J.: 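The structure under discussion is supplied below as structure tokens; questions concerning it will follow.
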Amino acid sequence: MTLERRSRIVDEVEAATRVKDGMCLSIGGHIMSSHAMALVRRIIRQGTRNLTVVGAASAGLEVDLLIGAGCVRKVVAPYVGAEALAPIGPFYKAAAERGEIETWECDEGMYYTALRAAALRLPFLPTLAGLGTSLPEVNPDLKVFADPLTGRPLVAVPPLQPDVALIHAAYADPYGNVQFVGSGMGDRAHHRAATVTIVTVERVVPNEEIRRNPIATALWNVDMVVRAPYGSHPFQSPGFYLHDEAHLEEYLAAARAAVGGDRGLFDKYLERYIFGPANHAEYLQTVGFPRILSLHEV
Amino acid sequence: MTASELLAVIASRQLRDDTTVFAGVGVPLMAAALARQRHAPRLTLVIEGGIIGPEIAPGRLPISTNEMRAGRRATMLPAITDALLFAQRGFVDVGFMGGAQIDRYGNINTTAIGDYRKPKVRLPGTGGANDLASLCREVIIVTPHEKRRFVERVDFVTSPGWLRGDGSRRASGLLFGGVSRVVTTLGILGFDAESGRMRIEATHPGVSVADIRANTGFELGEAPRIETTEPPSEDELAMLRALDPERRFLG
């Protein structure tokens, strides 16, 4: 007897309701790529508050946007910015300087070590990188200790378990088998550590297509699959589209004005791109096909 | 010639052929791409977002360490955790990075100016910089030479150089690696092997030792023999400018 497997496909509106006030939320990708923006926008729209955001290592302006929209209490990330476009996120910088958010200071290695400790259900894992730095002085969760075998110093990093991980990928089948184009960056670590994983994808594919290339399957058993073509916009999705630099500049101008005391542009940004559109499809309509279709490489 | 052009050309010359360099986006990545085109065609680039062996195309410099453009013609796209593991394993010869604040022992601060809890200026954070500084076999820093950057003691050790000198890096548990050189807009600085203190090793043409001292917030030593660098050639500058025709990084 063959039983029909349970489909894990939901839409972005329903998926986002899984994220509640006060949760620890991780967002995958890396700086300019692969953030599950269809869900991030939805979380802002539904008014979720007091999140601990485990930004990607390293994180982009999606974390900055969540801070600007008032959703964030604490940030866990080794970096929040847009590199050549903005060395640091404007809202992140201002909120850290004004003491409006907590920061769990770490480097990329510690960050992934913490996620791995959670996945392995260990009380800590050791790292080398971090020794000699000021990081353990300002992050009381990090402890320098003597290795019981050699007596040498190491840094103990406690587990970091997101309640919900948001990941954006290329393909998934309806049963939660996920494949990336490109490296998948640090997203495997989020999925391994988190209690619940929600994945937005450029394309939902049949199970047969996953089976044709099983070595490419990076995540399995994810809890929800959301069909969201262009779901990483205004960031890149490897193999599909480049980041939207004009949109990111529009955001940055609005964010810089807001931290300078004039929230007018930022409120307009939120209204136009987040509170106005009823769903991801309407968001894409607001951005417009000419812009969307211009985001290709060569 | 802009400051970034000078930095990129001098930095590119520090890279040897048939080695592996972990490069941050901006001047370090441009310098590595220039080295591959000129004297180090077998140089392997590693980029933080999980990219090994890319061939950066002129006119298509990536603006971020994980961009599709950064991965052009890569030989491997490992997870970021593996990119860091390869550094820790000893596969990466040189970590190539910038820094907001740097002190006499080559320690770098990219976290906060002033008290961390009430920062005068919050900086971007470590990203992967501490991982590079702690784990690569050798670290080369590339930075504009300004007095406010070159301080006696960094406010926050984001990325360790020689810590407090006199073997303190090894004593801290970092058993390998360390910063070898600082390439600046005024010259090339190195470190005394015993004390771990920064010293002048070369000046750029037209720059004096006194100029370097005047732009440094602590006392610098001097190498036994101070060289003068060769100015960037027309050829080097032409290739560099072709890499960044929009002058996004070259200024």
Side-chain angles (χ1 to χ4, degrees), chain A residues 29-34 57-58 60 77-85 87-89 92-97 99 103 105-110 112 116 128-135 137-138 144 147 152-155 182-189 218 236 238-239 242-243 245 297-298, chain B residues 24-26 48-51 60-69 71 76-84 88 107 109-112 116-135 154-160 163 168-169 171-175 248-249:
Chain A
H30 195 264
I31 307 177
M32 211 60 88
S33 270
S34 307
S58 284
Y79 173 91
V80 176
E83 296 193 278
L85 296 187
I88 183 169
Y92 175 65
K93 180 174 192 291
E97 288 173 357
T103 46
E105 206 65 40
C106 60
D107 66 25
E108 289 189 357
M110 291 167 178
Y112 289 116
R116 186 162 170 79
L128 276 183
L131 292 168
T133 70
S134 305
L135 295 166
E137 292 162 27
V138 302
V144 178
D147 159 20
R152 287 185 195 134
L154 289 170
V155 181
S183 74
M185 294 168 270
D187 291 355
R188 291 172 183 81
Q236 302 188 356
L242 287 170
H243 61 280
E245 196 164 324
E297 178 68 311
V298 189
Chain B
V25 83
E48 190 183 295
I51 296 162
R60 298 195 179 278
L61 278 178
I63 61 163
S64 174
T65 43
N66 63 295
E67 261 214 57
M68 282 155 71
R69 288 175 176 186
M76 183 178 184
L77 296 173
I80 295 173
T81 43
D82 271 348
L84 299 176
Q88 188 155 354
N107 302 307
N109 174 17
T110 52
T111 303
Y116 172 80
R117 280 170 196 84
K118 281 194 166 170
K120 220 181 297 169
V121 182
R122 170 70 211 202
L123 299 170
T126 136
N130 175 48
D131 302 287
L132 297 196
S134 297
L135 304 175
V154 288
D155 297 342
F156 191 103
V157 180
T158 310
S159 304
L163 294 178
S168 54
R169 180 182 169 104
S172 79
L174 295 172
L175 301 182
R248 191 190 274 277
F249 298 103

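As the structure is a prediction and not an experimental result, all values here were calculated from the model. In what follows, every chain begins at residue 1, and chains take the letters A, B, ... in the order their sequences are listed.
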J.: Pick one of side chain, backbone, both or neither for B:Tyr116, based on which atoms fall under 4.5 Å of a heavy atom in chain A.
T.: side chain
J.: May I ask you to name which of A:Ala84, A:Ala57, A:Ser134, A:Ser58 has the most heavy-atom pairs under 4.5 Å with chain B?
T.: A:Ser134
J.: Rounded to the nearest 0.5 Å, how far apart are CG of B:Leu174 and CZ of A:Arg152?
T.: 12.0 Å
J.: With a 4.5 angstrom heavy-atom cut-off, is it the side chain or the backbone of B:Val121 that approaches chain A, or both, or neither?
T.: both
J.: Could you tell me which portion of A:Thr103 (side chain, backbone, both or neither) has an atom closer than 4.5 angstrom to a non-hydrogen atom of chain B?
T.: both
J.: Tell me, for A:Leu154 versus chain B, whether the close heavy atoms (under 4.5 Å) come from the side chain, the backbone, both or neither.
T.: neither
J.: What is the minimum heavy-atom distance between A:Thr133 and B:Thr158, and which atoms define it?
T.: CG2-O, 3.6 Å
J.: Do B:Asn66 and A:Ser33 pair up side chain to side chain, a donor and an acceptor below 3.5 Å, judged on atom types alone?
T.: yes
J.: Contact part of A:Gln236 toward chain B, heavy-atom cut-off under 4.5 Å: side chain, backbone, both or neither?
T.: side chain
J.: I want to check something: taking the side chain as every heavy atom from C-beta on, are B:Ile63 and A:Glu245 in contact at a cut-off of under 4.5 Å?
T.: yes
J.: Which bit of B:Ala171 comes within less than 4.5 Å of chain A, counting heavy atoms only: side chain, backbone, both or neither?
T.: backbone
J.: Quick one: what part of B:Thr126 sits under 4.5 Å from any heavy atom of chain A, side chain, backbone, both or neither?
T.: both
J.: In Å and rounded to the nearest 0.5 Å, what is the OH to CD1 distance from A:Tyr112 to B:Ile80?
T.: 3.5 Å
J.: Of the non-hydrogen atoms in B:Gly49 and A:Ser183, which two are nearest, and what is the gap between them?
T.: O-OG, 3.2 Å
J.: Under a 4.0 Å threshold between the charged nitrogen and the carboxylate oxygen, would B:Arg122 count as salt-bridged to A:Glu105?
T.: yes
J.: State whether the side chain of B:Ser134 and the backbone N or O of A:Leu128 hold a donor-acceptor pair below 3.5 Å, judged by distance alone.
T.: no
J.: Does the side chain of A:Leu242 reach to within under 4.5 Å of the side chain of B:Arg69, using non-hydrogen atoms?
T.: yes
J.: What part of B:Pro119 is in contact with chain A, defined as an atom under 4.5 angstrom from a non-hydrogen atom: side chain, backbone, both or neither?
T.: both
J.: Pick out which of A:Glu83, A:His30, A:His243 makes a side chain to side chain donor-acceptor pair (under 3.5 Å) with B:Ser64.
T.: A:Glu83
J.: What residue in B:Arg117, B:Arg169, B:Met76, B:Lys118 has the most heavy-atom pairs under 4.5 Å with chain A?
T.: B:Arg117
J.: Taking A:Glu108 for its side chain and B:Asp131 for its backbone only, find out whether a donor-acceptor pair lies under 3.5 Å.
T.: no
J.: How about B:Thr110 and A:Tyr79: does a side-chain donor come under 3.5 Å of a side-chain acceptor?
T.: no
J.: If I measure from the heavy atoms of chain A, does B:Leu123 come under 4.5 Å with its side chain, its backbone, both, or neither?
T.: backbone
J.: Is A:Val80 in contact with chain B via its backbone, its side chain, both, or neither, using a 4.5 Å heavy-atom distance?
T.: backbone
J.: Between A:Ala96 and chain B, which part of the residue has a heavy atom less than 4.5 Å away: side chain, backbone, both or neither?
T.: both
J.: Could you have a look at B:Ser172, B:Gly50, B:Gly127 and say which one has the most heavy-atom pairs with chain A under 4.5 angstrom?
T.: B:Gly127
